[in-house]
> 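Mind looking over this structure? Questions follow.
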Amino acid sequence: MGVRKLYYDDSHRKNFEAVVTDCVPVKGGFEIVLDATAFYPVGGGQPSDTGLLGDSKVLSVREEGEVVYHLCDKPLQVGATVEGAIDWDRRQDFMQQHSGEHIVSGIIHQTYGYHNVGFHMGADVVTIDFDGPIALEDLQKIEDRANEAVWQNLPVKCYYPSRQELPRVNYRRKKDLPWPVRIVEIPGVDICACCGTQVKHTGEVGLIKLLSCVKFHEGVRIEMVCGRRAMQLLSVVYDQNRQVSQAFSAKIAETGQAARRINEAFAAEKFRATALSKRLFAYIAQSYAGKPLALHFEENLTAGENRELCEAIAKCAGVAVTLSGNDKDGYSFCVISRTEDARAIGAEAAKALQGRGGGKREAFQASIAASRQEIEQYFG
């Protein structure tokens, strides 16, 4: 006889009593079997419940056949009656996410005829995969309809149709399922097969927020959050946006426009700085005109900028060697030559100066750990 699944009798049940029928030591703890349980096992894209059985912590729950196994950190006496208490905050969160997923999947199925072909309830967001394209601009309409269904506080009905009734139930599915089938129905919104725990009324979902919609295989993947998760995320986003509005001296609803202005101004300054750098590099290069070897140190250059300077000097000198950095953090090192093998020069220098890098005959780049004095002595 299988275990009585109390989580199907009442998804809001937090406490229960049951008899321990088995307790086996396994890797990570003890697997305990009860004659009844309110702990939902992992399945259908939903993680398992956690909580307590007596003074033993329930770490995870799985189902195999008709048996539900509770992985606990302590053993329990077979035959003993034990009190169970599920982690209600975790259960409620999962129900909000799962029922919210049903609402969104039902609306998308009604609107486009697409099927939910993948569902994962992560620690932060829920992902749903659909087998057809959805335009990004349609996401707001879907979200609006989903939240209307939440605010209507519709009943969520979970039931098992009889063998005779099942063929007449027009539920959302990718293929026919063998009887018995557990049906979850939200009037006018969705009706589908599901084994997960659900809220009793859609109002318990609280809020549905769709975060993204990206191409995935032949369809799309939508990221979403519901209930408490959505509220917490939006609170964080609002606080960040408030800080941005203060930094940009913009109204809180106009930070996007302000950010674009800042980006445009930054791009213009970057273009101007690049032009000035080229003029400065050309001026520095002229000071080495005609020299067989030009060794130059310049502060605060990126590796890319250091190479640009080296290229400019190499047009005026036989061999150009440029470095940027300091004795504490090391130096960005570049060798460029029009007449000699820069790779050979650079590799030999890197070996002698605690450096690592690579390149071709025309140019060699590396990171050097030696001091400036050591570098100058080497090339002196």
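For clarity, every value in this text was computed on a predicted model and none was experimentally measured. For the single chain, residues carry numbers from 1 onward in sequence order.
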> Measure from the side-chain N and O atoms of Trp179 to the backbone N and O of Pro161, and report whether any donor-acceptor pair falls under 3.5 Å.
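Here the side-chain-to-backbone pair exists.
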> Looking at Lys270, I'd like to know if its NZ atom is crowded, meaning that more than 12 non-hydrogen atoms belonging to other residues, nucleotides or ligands lie closer than 6.0 Å.
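Open: at most 12 neighbouring heavy atoms sit under 6.0 Å from NZ of Lys270.
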> Strictly below 4.0 Å, N to O, side chains only: are Asp341 and Lys360 in salt-bridge contact?
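Salt bridge between Asp341 and Lys360, a charged N being under 4.0 Å from a carboxylate O: no.
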> If you count every heavy atom of other residues, nucleotides or ligands that lies below 6.0 Å from Gln140 atom CD, does the total exceed 12?
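Buried by this count: over 12 neighbours within 6.0 Å.
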> Relative to the ring of Phe39, is the ring of Phe16 parallel (under 30°), tilted (30 to 60°) or perpendicular (over 60°)?
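It falls in the perpendicular class, over 60°.
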> Could you check whether Lys278 makes a cation-pi contact with Phe281, meaning its NZ or CZ is under 6.0 Å from the centre of the six-membered ring and within 45° of the ring axis?
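Pair Lys278/Phe281 does not count as cation-pi.
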> Can you name the one residue among Glu143, Arg229, Met224 that meets side chain to side chain contact (heavy atoms under 4.5 Å, CB included) with Lys209?
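With Lys209 as partner, Glu143, Arg229, Met224 yield a single side chain to side chain contact (heavy atoms under 4.5 Å, CB included), made by Glu143.
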> In this structure, is the centre-to-centre distance between the rings of His115 and Phe130 below 6.0 Å?
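When the ring centroids of Phe130 and His115 are compared, they turn out to be at least 6.0 Å apart.
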> Among Glu204, Gln92, Arg91, exactly one meets side chain to side chain donor-acceptor pair (under 3.5 Å) together with His12. Which residue is that?
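In the set Glu204, Gln92, Arg91, the residue that makes a side chain to side chain donor-acceptor pair (under 3.5 Å) with His12 is Glu204.
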> Give a yes or no on whether the backbone of His102 and the side-chain of Ser105 come within a donor-acceptor separation of less than 3.5 Å.
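No, Ser105 side chain to His102 backbone: no donor-acceptor pair under 3.5 Å.
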> Surrounding OH of Tyr238 (heavy atoms of other residues, nucleotides or ligands, distance under 6.0 Å), is the total greater than 12?
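At most 12 heavy atoms, drawn from other residues, nucleotides or ligands, come within 6.0 Å of this atom.
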> Under 3.5 Å, side chain of Arg338 to main-chain N/O of Ala314, donor-acceptor pair present?
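At least one qualifying donor-acceptor pair exists.
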> With a cut-off of 6.0 Å (strictly less than), are more than 12 heavy atoms of other residues, nucleotides or ligands near CD of Glu376?
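Check passes, neighbour count above 12.
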> For the pair Asp190 and Arg172, find out whether any cationic side-chain nitrogen is under 4.0 Å from an anionic carboxylate oxygen.
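Salt bridge: yes.
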> So, are Glu165 and Arg168 salt-bridged, with charged N and O less than 4.0 Å apart?
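No, no charged N to carboxylate O under 4.0 Å.
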> Is it the case that Asp35 and Thr21 place a side-chain donor and acceptor less than 3.5 Å from each other?
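Thr21 and Asp35 do not have a side-chain donor-acceptor pair below 3.5 Å.
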> Would you call Arg260-Glu264 a salt bridge at under 4.0 Å N-O?
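Answer for the salt bridge query: no.
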> Taking the six-membered ring of Tyr331, is NZ or CZ of Arg372 closer than 6.0 Å to its centre and within 45° of its axis?
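Pair Arg372/Tyr331 does not count as cation-pi.
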> Hey, is Arg242 close enough to Asp239 for a salt bridge, meaning N to O under 4.0 Å?
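Salt bridge between Arg242 and Asp239, a charged N being under 4.0 Å from a carboxylate O: yes.
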> Decide, yes or no, whether a salt bridge links Lys57 with Asp73 under the criterion of side-chain N to carboxylate O below 4.0 Å.
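Salt bridge flag = no for Asp73 with Lys57.
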> Between Ser337 and Val319, is there a donor-acceptor pair closer than 3.5 Å when you use the side chain of the first and the backbone of the second?
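Absent.
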> Ring centroid separation for Tyr114 and His109, is it under 6.0 angstrom?
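Aromatic pair excluded; centres sit 6.0 Å or further apart.
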> If only side-chain N and O atoms count, and only distance matters, is there a donor-acceptor pair under 3.5 Å linking Thr111 with Arg145?
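Short answer, yes.
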